[in-house]
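For reference, the structure discussed in these notes is given below.
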Amino acid sequence: MPKLQIAPSLLASDFGRLGEEIKDVIDAGADLIHVDVMDGHFTPNITIGPPVVASLRRYSTVPLDVHLMIADPDRYAEDFINAGADIITFHAEACDHPHRLITRIQSLGCKAGIVLNPGTSEDVIEYLAEMVDMVLIMTVNPGFGGQKFIPDMVRKVKNVRDMVGDRDVEVDGGIDDTTASLVIEAGANVLVAGTYIFGSDSYLTAIEKLRVLE
Ligand code: DX5
Ligand code: ZN
């Protein structure tokens, strides 16, 4: 299994101090910075767009993992790549031509991943599993931080790990030091955590507590 990576989600950080928050979680051991992009259509919430990602890029010394929770990712993927995204993940539910979009993202020099909502079967990635850099399994419904982990998703993580070999399998939503051990055991190697890390007194301790579960 590929190496465990911890990806703090900025959604739970102080948006007025994004540069400092990035520096602090990187100093505490973050491997990736997870950036949640929501458009008020695909998700009920609205967050940030390409200009903010371009600013974040200047502060981050680790890859930016940009999670597009937007309708029509085909239209916007390139803007986020130009803004400095290192990994783009988009939702299977929001894209009619995922095979084409993965190819296009990769041809622009960016890693590409596909995201599955809790209600979406892993069957949709059968013909994409060999080409994606990452599969992101939502362990909550997208839209908000601080939601409760959906236990049935552990089974999906296992199934996806069997399908993708040593590619990255990421989980997102409700991850803490209890739920993380369940998903790691099932085969996840990239853990997104928002509330658990940014809501803690010590980012260092929170990240270490996830890392020792490997
Ligand atoms: C949810 C986002 C997540 C969110 C996770 O729609 O995709 O990345 O920030 O937050 P926690 O870790 O608080 O569940
Ligand atoms: Zn996310």
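Predicted model only: the values in this text are computed from it and were never measured. Both ligands and their constituent atoms are indexed starting at 1 by order of listing.
Residue contacts with ligand 1 for Leu11 involve side-chain atoms from C-beta outward but no N, CA, C or O (heavy atoms, distance under 4.0 Å). Contacts between Ser9 and ligand 1 below 4.0 angstrom, taking non-hydrogen atoms only, involve the side chain exclusively. Under 4.0 Å from ligand 1, not a single heavy atom of Tyr196 appears.
For Asp172 and His67, the side-chain atoms include at least one donor-acceptor pair closer than 3.5 Å. Using modelled atom types, one finds no donor on one side chain facing an acceptor on the other under 3.5 Å when comparing Glu20 with Tyr59.
Crowding of Arg155 atom CZ: a count of heavy atoms from other residues, nucleotides or ligands under 6.0 Å not exceeding 12.
With respect to atom 12 (O) of ligand 1, the closest heavy atom belonging to the protein is Gly194 N, 2.8 Å.
Take the N/O/S atoms of His67: the one nearest the Zn ion (ligand 2) is ND1. The name of the N, O or S atom in Asp172 nearest to the Zn ion (ligand 2) is OD2.
With hydrogens and angles disregarded, no donor-acceptor distance shorter than 3.5 Å links the side chain of Ser181 to the backbone of Leu213. Remark: the backbone N or O of Phe144 is paired with a side-chain donor or acceptor of Gln147 at under 3.5 angstrom.
Near His34, meaning under 4.0 Å from one of its heavy atoms, ligand 1 places the atoms 8 (O). When each atom of ligand 1 is checked for a heavy atom of Thr195 under 4.0 Å away, the hits are 11 (P), 12 (O), 13 (O). Under a 4.0 Å criterion applied to the non-hydrogen atoms of Pro142, ligand 1 contributes the atoms 6 (O).
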